[in-house]
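See structure below.
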Protein chains: 2
Amino acid sequence: MDQLSATFAALADPTRRAILARLTEGPATVKELSEPFDISGPAISKHLRVLEKAGLITRGREAQWRPCQLDATPLREVTVWAENYRRFWDASYARLDALLTEMKEKD
Amino acid sequence: MDQLSATFAALADPTRRAILARLTEGPATVKELSEPFDISGPAISKHLRVLEKAGLITRGREAQWRPCQLDATPLREVTVWAENYRRFWDASYARLDALLTEMKEKD
DNA sequence: AGGTTAGATAACCAAGTGGTTAGGTACGAG
DNA sequence: CTCGTACCTAACCACTTGGTTATCTAACCT
């Protein structure tokens, strides 16, 4: 699975997006991350592994804790990808796009 | 499944992203969309249904053709969501963010 | 009417996903 | 040393997914 697909797949789950949102407030242990959810530890572990494989989090090792930290660089690729479609929803951008195309055709 | 999850799930497949890329050049029939891929018609049909349920395409009806058209509005929600994480990858944005936080704390 | 083309549906299969429980490892505290 | 805590792996389950082939409908063209 390519990087972008892995990122999109990881983001497709609300629990994982909530974990990322929590991590914007700083690193957290697995226990802390699992608090808001009504699911078992192993389920959280699996979500974290998906996020880790997608490169969205990195994990440290402190005694018996394995602190998680956000790594948002894959999200930059997501926005870069989505930017190619901006002209299809952003009216003002579409006008600019049309203008640029027109100018290019005049060359 | 919520809208955002459906969109991310739809985008997690390279074939579906390629279909969207093709549709930026204008509407296309199912046959046209399936040309570049080495998979069966029903497989394409399934991909199109996923894209349709995610609101990324709309489908018309012309004689025996069912032309597909891009609808990028869900992608706007994707960028809106990702924008909340920009400060974690964009250094200059992070500095601006820190400045704003500092100003807020002075109030 | 008969044949061809576009496309959808149905039934099936292998693999993946999101969850569980049970049990194992590693570390700190008493 | 033993106990509790944090976390992981393994095995299992129901459901979904991405693909297939076979079959159906709908429209066009002779």
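We name chains A, B, ... by the order of the sequence lines, and we start the count at 1 in each one. Nothing here was measured: the structure is a model prediction, and the numbers come from that model.
In the 5' to 3' direction, nucleotides of DNA chain D lying under 4.0 Å from heavy atoms of chain B begin and end at D/dG18 to D/dC28.
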Side-chain donor-acceptor distances from residues 43-69 of chain B under 3.5 Å, at least two apart:
from, atom 1, to, atom 2, distance (Å)
B/H47, ND1, B/R16, NH1, 3.1

Mind listing the side-chain donor-acceptor pairs of residues 79-91 of chain A below 3.5 Å, one per line with the distance, residues two or more places apart or on another chain?
from, atom 1, to, atom 2, distance (Å)
A/T79, OG1, A/R76, O, 2.7
A/E83, OE1, A/R86, NE, 2.9
A/E83, OE2, A/R86, NE, 3.3
A/E83, OE2, A/R86, NH2, 3.0
A/Y85, OH, B/A21, N, 3.3
A/R86, NH1, A/D90, OD2, 3.2
A/D90, OD1, A/S92, N, 3.1
A/D90, OD1, A/S92, OG, 2.8
A/D90, OD1, A/Y93, N, 3.1

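Between the OG1 atom of A/T15 and the CG atom of A/L33 there is a distance of 12.0 Å, given to the nearest 0.5 Å. With rounding to the nearest 0.5 angstrom, the CG atom of A/L4 is 8.5 Å from the CG atom of B/L11. Separating the CG atom in A/L75 from the OG1 atom in A/T73 is a distance of 8.0 Å, to the nearest 0.5 Å.
For B/L51 and C/dG7, the CG to P distance is 15 Å, given to the nearest whole Å. Rounded to whole Å, atom C1' of C/dT9 lies 15 Å from atom CG of B/L48. As a whole-Å value, the separation of B/K46 NZ from C/dG16 P is 16 Å.
For the side chain to side chain donor-acceptor pair (under 3.5 Å) test, residues two or more places apart in sequence or in another chain that qualify with B/Q3 are B/T7. A/R17 is linked by a salt bridge (charged side-chain N to carboxylate O under 4.0 Å, His left out) to B/D2, counting only residues two or more places apart in sequence or in another chain.
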Please tabulate, one pair per line, each protein N/O and nucleotide N/O from nucleotides 26-30 of chain C that are separated by under 3.5 Å, including the distance.
none

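Contact check for A/E105 versus A/T101: side-chain heavy atoms found under the 4.5 Å cut-off.
Using a 4.0 Å cutoff on non-hydrogen atoms, the parts of residues 7-45 of chain B near DNA chain C are B/T29, B/V30, B/K31, B/P42, B/S45, ordered by number.
Each side chain to side chain donor-acceptor pair (under 3.5 Å) pair with one or both residues in residues 19-40 of chain A, not counting sequence neighbours, would appear here, but there are none.
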